[in-house]
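Throughout, numbering of the chain's residues begins at 1 and tracks the sequence. Keep in mind the model is a prediction, meaning the values are calculated, not measured.
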Amino acid sequence: MKRSIILISIIIASVLPVLAQNMKVISFKLLENDLTANRYGTSKTDQNGETAALIKIVTPEKGFTFDGGSLGVVATEDHTGEIWLYVPRRAQKLIIQHQDYGVLRDYFYPIPIEGGRTYEMLIDIGTGRYATILSGLAQADVYVDGELCGQSPVKKYLSYGRHTIRATKDRYEGEATTTITTNEDQDIRIIRVDMQDMSHLYGNVTVKTENNADIYYNGKLVGTGEWQTQLREGNYTVETRKADSDPSMTSFSVVAQRQNDVKATAPTPHTGWLSIYTRPRNVKATYNGSHLFNLTEVQTMPVGTYQMEFTRKGYVTQNHEYTVRRNETNSDTITLQRVTYVKPVAFYFGGAFTARTLSGITGILGAVFYRHDLQASYTFGLTESDIIYWEGNMNTATKYKMQTIGIKYGYQIPLMRQLAITPQIGYNYNFLSANAAQTGNTTYGDNASSSALALGVKLVVVPMQHLYFFAAPEYAFTLSKDNLFTTIADNTNVTSDGFAVHVGLLANF
């Protein structure tokens, strides 16, 4: 074992100086049209506040360190296939170091370094050569030994040996082989890949998946729910992804010059459990609109938020929101309240027929606040009084209708779910409207008035929510009346006291 370790150490020690000796810069140039060094977000300033220059270093390896001498280095960033080295304006030289490939000392820039400009440097580590790969079609995908390297033209460091290079775009393909040797004179080799139309080897492909999942091909998002494309005959694999789900892979074969329909397996949703107990038990539950939910057992549900509705005839409907999390159980107990037909708090209005000596139609407006019932009403007179003849003249006949403004207070007492009784006390203000009994006769006594204390009870029957049938008998006791009202009452059937019944409908909210 010790001999093997010693032998490996000797080999490494002998190889590293060779690698270090072969590392060199084979190209350094100004990128005239590259504004990266002077663009917001990618520009940097040196210690003097001036915009630094940017050197994009192309190299097949990472792990390099750089020393700018007395002027120093502003910053170093690793990017795909490149190292971005920011140096001050007027920088002159660079020391390049790598733990495996040694040190390249005192590399002097061949052109002046200007602030805010972008440059390109190619470092050859001594294990191969750079190649610029060109294809018959611009922006074709370039594969080197099966690895996607970018879109043409591609600058790639190729190690010594044989390489297979493919270029594809749409239905055009090309392939070339090349061998990189140490005997080549040029540091950068040009490799051209001719491309041909291979349409006869392609088939139309439509990939569909459920749940509007995203479809990925070669690691790239190509569609959501559906992907239509053309692929060369052969075997392929797509991946479906969706939030809160495990991705699924689907393999399929493509037959040339045919329509190939593929049903990709949808991602497997992450799930949790939802357990809901209700009082009473026989409740209908739906979620997200119209989906029925089984309340008899714990339900497995995909991760997400659900809007649930619980309904039962004769009970107040309830709505709740539940969030199901992965591998967690969300439990809840729902207690439905019976529908309160006779409401302890409500606003109501409606109308009634008022049966009394001079009957009428009554409009009602009121409110109940914790059983306290306050009501206002106005009665329009319908029936007319007996005719009264004024001053003993048969040509001065007059009839009267009685209007009433009423205010009542009561306390609501529920008897059953749909029946209540409200004892009431109120004040009535009555006034008369005179109508001539014969053409040309007088309307003497118009607006004669009286007041009365009303005692009664309101019986309410509720066949359905928001609708009351009611009957309210009352007895009025006269409090006051003016002289005209007294005279009219003494000579006709007009009266401010006595028995009356209101029967009608009320809408409540």
**OP:** Any chance you could lay out the side-chain contact (heavy atoms from CB on, under 4.5 Å) test for Val238 and Tyr236, step after step, and finish with the verdict?
**Re:** CA-CA 7 Å; Val238 292; Tyr236 298 88; 5.9 Å; no
Subject >> Residue pair Thr59, Tyr130: steps toward the side-chain contact (heavy atoms from CB on, under 4.5 Å) verdict >> reply: CA-CA 9 Å; Thr59 173; Tyr130 279 97; 4.2 Å; yes
Subject >> Derivation of the side-chain contact (heavy atoms from CB on, under 4.5 Å) call for Phe369 and Leu374 >> reply: CA-CA 8 Å; Phe369 186 73; Leu374 186 62; over 6 Å; no
Subject >> Test log, rule side-chain contact (heavy atoms from CB on, under 4.5 Å), inputs Ile57 and Phe64 >> reply: CA-CA 10 Å; Ile57 300 175; Phe64 286 90; over 6 Å; no
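Considering only heavy atoms from C-beta on, Asn330 stays 4.5 Å or farther from Glu328 through its side chain. Here the side chains of Pro414 and Thr340 are not in contact, with every heavy-atom distance at 4.5 Å or above. Side-chain atoms of Thr36 and Trp84, non-hydrogen and from C-beta on, do get closer than 4.5 Å to each other. When side chains are defined from C-beta on, Tyr411 counts as touching His372, because their heavy atoms get closer than 4.5 Å. Between Met121 and Leu85 there is no side-chain heavy-atom pair separated by less than 4.5 Å. Two residues are said to be in side-chain contact when any heavy atoms from C-beta on lie closer than 4.5 Å; Pro88 and Asn48 fail this criterion. Trp227 has its side chain within reach of Thr229: a pair of non-hydrogen atoms, C-beta onward, lies under 4.5 Å apart. A 4.5 Å side-chain heavy-atom check between Phe470 and Leu506 finds at least one atom pair inside the cut-off.
Within 6.0 Å of CZ on Arg171 lie no more than 12 heavy atoms contributed by other residues, nucleotides or ligands. For Gln230, the CD atom is densely surrounded, since the number of other residues' heavy atoms within 6.0 Å is greater than 12.
Side chain of Thr240 to backbone of Ala213: no donor-acceptor contact under 3.5 angstrom is found. Checking side-chain atoms of Thr311 against main-chain N and O of Thr317 turns up no donor-acceptor pair under 3.5 Å. A donor-acceptor contact shorter than 3.5 Å links the side chain of Lys169 to the backbone of Ala138. Proximity of a side-chain donor or acceptor of Gln418 to a complementary backbone N or O of Val462 within less than 3.5 Å is detected. Without hydrogens or angle criteria, Tyr172 side chain to Ala167 main chain gives no donor-acceptor distance under 3.5 Å. In this structure, the side chain of Ser377 does not engage the main chain of Thr362 through any donor-acceptor pair within 3.5 Å. No donor-acceptor pair closer than 3.5 Å links the side chain of Tyr160 to the backbone N or O of Arg129. One N or O on the side chain of Tyr157 and one on the backbone of Gly128 form a donor-acceptor pair closer than 3.5 Å. Side-chain N or O atoms of Thr178 include none that pairs as donor or acceptor with a backbone N or O of His163 at under 3.5 Å. Within the 3.5 Å criterion, the main-chain N or O of Lys62 finds a donor-acceptor partner in the side chain of His98.
Between Val193 and Glu175, the closest heavy-atom pair is CG1-N, 3.7 Å. Minimum interatomic distance between Gly225 and Ile215 (heavy atoms only, all atoms of both residues): C-CD1, 4.0 Å. Here the closest non-hydrogen pair linking Ala91 and Leu71 is CA-CD1, 3.7 Å. Nearest heavy atom pair, residue Ile133 against residue Lys156, reads CD1-CB, 4.4 Å. Among all heavy-atom pairs drawn from Thr224 and Asn212, the shortest one is CG2-O, 3.3 Å. Closest approach of Met23 and Leu104 over heavy atoms only: CE-N, 3.7 Å.
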Using residues 247-266 as the side-chain source, report each donor-acceptor pair under 3.5 Å to any protein atom, sequence neighbours left out, with the distance given to one decimal.
| unit_1 | atom_1 | unit_2 | atom_2 | d |
| --- | --- | --- | --- | --- |
| Ser248 | OG | Ala266 | O | 3.0 |
| Thr250 | OG1 | Thr265 | N | 2.9 |
| Ser251 | OG | Thr237 | OG1 | 3.1 |
| Ser253 | OG | Asn235 | OD1 | 2.6 |
| Gln259 | NE2 | Thr206 | OG1 | 3.1 |
| Gln259 | NE2 | Asp261 | OD1 | 2.9 |
| Asn260 | OD1 | Val255 | N | 3.0 |
| Asn260 | ND2 | Asn204 | O | 3.2 |
| Asn260 | ND2 | Val255 | O | 3.1 |
| Asn260 | ND2 | Arg258 | O | 3.0 |

Scan the side chains in residues 271-293 for donor-acceptor partners under 3.5 Å anywhere in the protein, sequence neighbours excluded, and list what turns up.
| unit_1 | atom_1 | unit_2 | atom_2 | d |
| --- | --- | --- | --- | --- |
| Trp273 | NE1 | Thr300 | OG1 | 3.2 |
| Thr278 | OG1 | Pro280 | O | 2.9 |
| Asn288 | OD1 | Gln307 | N | 3.1 |

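With rounding to the nearest 0.5 Å, the separation of CD in Gln337 from CD in Gln318 is 7.0 Å. The OG1 atom of Thr51 sits 12.5 Å away from the CD atom of Glu114 when rounded to the nearest 0.5 Å. Taken to the nearest 0.5 Å, the CD atom of Glu77 stands 8.5 Å off from the CG atom of Leu54. Taking NZ of Lys242 as the start and CD of Glu210 as the end, the distance is 11.5 Å to the nearest 0.5 Å. Annotation: the span from Arg166 atom CZ to Thr177 atom OG1 amounts to 13.5 Å, rounded to 0.5 Å. Here the straight-line distance linking atom NZ of Lys408 with atom OG1 of Thr422 works out to 12.5 Å at 0.5 Å rounding.
Using bins of under 30°, 30° to 60° and over 60° for the plane-to-plane angle, the ring pair Phe349/Phe347 lands in the tilted bin. Ring geometry, Phe310 versus His320: the interplanar angle exceeds 60°, so the pair is classed perpendicular (tilted spans 30 to 60°).
Tyr322 is linked by a ring pair (Phe, Tyr, Trp, His ring centres under 6.0 Å) to nothing, counting only residues two or more places apart in sequence or in another chain.
For the residue pair Tyr348 / Asp373, a side-chain donor-acceptor distance below 3.5 Å is found, with atom types taken as modelled. Side-chain contact, Asp244 with His270: no donor N or O sits under 3.5 Å from an acceptor N or O.
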